2 protein chains.
Amino acid sequence: MKKQSVTLVQVAAKAGVSVMTASRAMSGDGYVSDETRNKVHAAAKALGYATNTLARVMKGGRTNVIGVVVNDLGSVVVNAFVTAMTEEARKCEMDLFIYNSIGQLDEQTQRRHSQLLHGLWDGLIYVLPRMTDEYLEALEKSDSPIVLVNFCRRETTLPVVQGDNFNAARDAVASLIAQGHQRIAFIKGSHWTGQSAERERGYRQAMADAGLRVDKHWVEQGTYSEQSGQEAGMRLLALSPRPSAVFAANDEMAIGCMNAALEQGIKVPEELSLIGFDDVPSASIVRPQLTTLRHPIALMAQAAVQELVRRIQRQPGRRQRVEFPAEMVVRDSTATLLATPRRRAKKA
Amino acid sequence: MKKQSVTLVQVAAKAGVSVMTASRAMSGDGYVSDETRNKVHAAAKALGYATNTLARVMKGGRTNVIGVVVNDLGSVVVNAFVTAMTEEARKCEMDLFIYNSIGQLDEQTQRRHSQLLHGLWDGLIYVLPRMTDEYLEALEKSDSPIVLVNFCRRETTLPVVQGDNFNAARDAVASLIAQGHQRIAFIKGSHWTGQSAERERGYRQAMADAGLRVDKHWVEQGTYSEQSGQEAGMRLLALSPRPSAVFAANDEMAIGCMNAALEQGIKVPEELSLIGFDDVPSASIVRPQLTTLRHPIALMAQAAVQELVRRIQRQPGRRQRVEFPAEMVVRDSTATLLATPRRRAKKA
DNA sequence: ATGAAAGCGCTAACAC
DNA sequence: GTGTTAGCGCTTTCAT
């Protein structure tokens with residue numbers, strides 16, 4: 001720490017009081033006469049004194065800092081969460097640091113974190129976490145305040161704030177069915193957070209509710225990337241008869257699928273309806289604009305920060321798992337299926 | 001800090017040595033017999049010991065943490081920088097935390113930071129910083145390692161890593177002139193980092209080099225937002241004669257301008273050529289795809305981290321200001337001006 | 001090669 | 001109201 005420039009000792013000396021009195025005057029709790037307080041404040045200002053947070057932490061104090069751990073800050077959704085959380089944290093008079101853990105959270109990284117971060121944060125929020133079960137278990141045992149956002153891969157004792165993927169997906173697919181679609185495909189994303197699985201569950205539920213069979217070729221595995229969506233799209237569009245609608249686990253894959261369709265001269269939405277998830281900016285830039293589903297990110301971010309703050313302050317936490325309904329954004333990539341063109345698409 | 005679970009004291013006790021020996025064994029410097037070291041390591045592992053970074057810092061040690069301060073994490077460019085820096089930091093065996101200071105850095109926030117961060121970071125990188133002169137001066141006086149990225153609003157004694165805005169802008173505008181354009185407009189961005197001013201300087205230089213006059217109505221003030229670009233575009237396209245090309249200080253504004261043109265039925269690039277800056281993802285999604293300029297973000301991020309690490313290790317820093325050439329990405333929003341349609345655009 | 005003591009800057013707990 | 005004592009977990013002396 002290279003000898004902090006100005007310490008409480010100097011402030012106290014300048015103000016002609018004891019260190020403890022200076023401490024009380026600065027922190028605001030404990031009895032200090034107005035006169036003394038003013039003297040101390042004046043001295044502190046004159047010297048340009050700044051509290052050494054580390055030293056305070058060493059004594060068990062709060063830092064008023066929230067840590068947010070993400071796996072992929074480049075993701076638009078993650079980014080939106082982080083930004084909204086930063087604003088909400090500020091409202092709670094807290095600061096917020098972001099740790100971009102590229103890749104999976106395993107025991108190794110866990111070590112580093114608990115070492116490095118222990119004591120630095122008052123609490124931690126994991127946004128769309130990709131973590132091993134071991135890591136999660138370690139977190140569950142920890143006694144420091146933690147909140148998970150959009151994690152539903154498995155049950156946990158930690159508080160979770162999440163968007164409703166199942167119902168959103170079911171309703172979206174139901175709306176396709178209502179438009180006359182029967183051969184509806186689904187492109188999965190990575191399994192990390194469990195969101196893709198929930199969306200798939202919603203998809204299957206809607207199909208089942210309508211008494212429609214799900215052909216095993218209609219469910220493709222992607223990786224949330226546009227590229228993977230395009231590849232999955234190629235495979236789906238090569239089927240005969242081909243699906244008349246595709247629901248992708250996120251917008252990027254839906255856009256990739258759209259590109260695959262356009263490449264083959266298949267018109268969207270006339271010949272192929274598409275629905276994505278997340279409502280990223282690109283969704284309203286591509287033509288046709290993408291119909292999609294959207295979590296209320298700002299609300300969720302607020303809820304997560306507030307829940308964390310509550311736990312930091314040892315107030316009774318709210319419910320253990322809070323779920324927010326998603327919203328469907330209908331744009332131009334979905335249309336009623338007029339006639340069912342039973343032509344066999346044989347072209348490569 | 002709520003009583004750290006396992007401390008060196010316990011490890012030492014378990015290994016049957018003194019705390020100091022345990023410390024030496026863990027940190028690796030100082031003489032410790034192999035046997036003792038092994039005993040200590042075993043004990044540490046068994047107990048799940050993790051060094052308390054804070055305590056170490058209190059004694060003047062390094063944290064191996066780099067802090068990155070940004071003003072707007074939502075910006076695609078900022079985000080790309082941060083991601084690249086995180087990767088580079090990891091290569092240097094450092095961790096990297098991000099602080100998203102929404103809005104301007106002034107004396108108030110400066111206080112908080114120097115307080116909170118002092119001792120926590122080994123060094124700080126400011127990416128596209130928006131700071132008051134007072135803040136910058138405080139930074140210049142500080143003796144902790146600091147690197148600025150893409151800041152050129154004014155001279156500074158701090159090391160700066162930046163992209164070459166002037167030459168990039170000049171060459172881009174020169175290429176428009178080579179395509180026959182003469183009435184070329186420029187849309188400025190916010191003044192924070194000074195990058196817009198440099199791009200404007202390049203624009204004016206290219207015009208002057210070609211002996212072209214810059215009509216004062218051709219230079220519009222925007223705010224880097226798509227909305228502001230659209231508004232500036234409306235004003236520019238209402239001029240008579242109207243500009244045949246627009247160079248915007250960033251892609252978002254160029255896209256806004258493109259939308260303004262499309263709304264008025266002005267064809268891009270046939271009737272209006274457009275060049276942006278940054279090469280954000282949207283630039284290749286819009287139709288026509290946007291011609292733009294791009295800083296080598298990954299290289300710059302690496303340079304910034306490496307320079308910072310050098311200064312942290314008290315190695316002789318390299319040059320005080322490093323500039324990277326930008327690259328022009330020619331897409332479909334620019335075209336040769338065939339005939340100069342001198343028709344008066346009178347429609348509102 | 002190992003250990004003992006001192007102290008980084010701050011604040012809870014107790015005096016006065 | 002204010003001062004004194006002690007100690008957070010670690011590492012830098014200095015001694016052994």
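Values below: every heavy atom of this structure, side chains too, minus hydrogens, waters and symmetry copies. For clarity, every value in this text was computed on a predicted model and none was experimentally measured. Lettering of chains follows the sequences in order, A, B, ..., and the numbering in each one begins at 1.
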Let me know the distance between [atom1] of [X] and [atom2] of [N], rounded to the nearest Å.
X	N	atom1	atom2	value
A:Lys59	D:dG9	NZ	P	10 Å
B:Met26	D:dG9	CE	C1'	14 Å
B:Arg24	C:dA1	CZ	P	11 Å
A:Met58	D:dA6	CE	C1'	13 Å
A:Tyr31	C:dC14	OH	C1'	15 Å
B:Lys39	C:dA1	NZ	P	15 Å
B:Leu8	D:dT11	CG	P	6 Å

Distance test, side-chain N/O of B:Ser18 to OP1/OP2 of C:dT2, below 4.0 Å:
no

Would you say a side-chain N or O of B:Arg56 is under 4.0 Å from OP1 or OP2 of D:dC10?
no

Base, sugar-phosphate or nothing for B:Thr36? Non-hydrogen atoms, less than 4.0 Å.
sugar-phosphate

Give the nucleotide from the list [options] with an atom nearest to the side chain of [X].
X	options	value
B:Asn52	D:dT2, C:dC10, D:dC10	D:dC10
B:Val32	D:dG3, C:dC10, C:dT2	C:dT2
A:Thr21	C:dT2, D:dC10, D:dG3	D:dG3
B:Met20	C:dG9, D:dT12, C:dA1	D:dT12
B:Thr7	C:dC10, D:dG1, D:dC10	D:dC10

Is the shortest distance from a Lys or Arg side-chain nitrogen in [X] or [Y] to a carboxylate oxygen in the other one below 4.0 Å?
X	Y	result
B:Arg62	B:Glu93	no
A:Arg321	A:Glu307	no
A:Asp133	A:Arg153	yes

Aromatic contact between B:Trp121 and A:Phe97, with the criterion being ring centroids under 6.0 Å apart: yes or no?
yes

Could one point to a donor on the side chain of A:Arg37 or the base of D:dG1 with an acceptor on the other under 3.5 Å away?
no

Interatomic distance, A:Asp34 atom CG to A:His41 atom NE2 [nearest 0.5 angstrom]:
10.5 Å

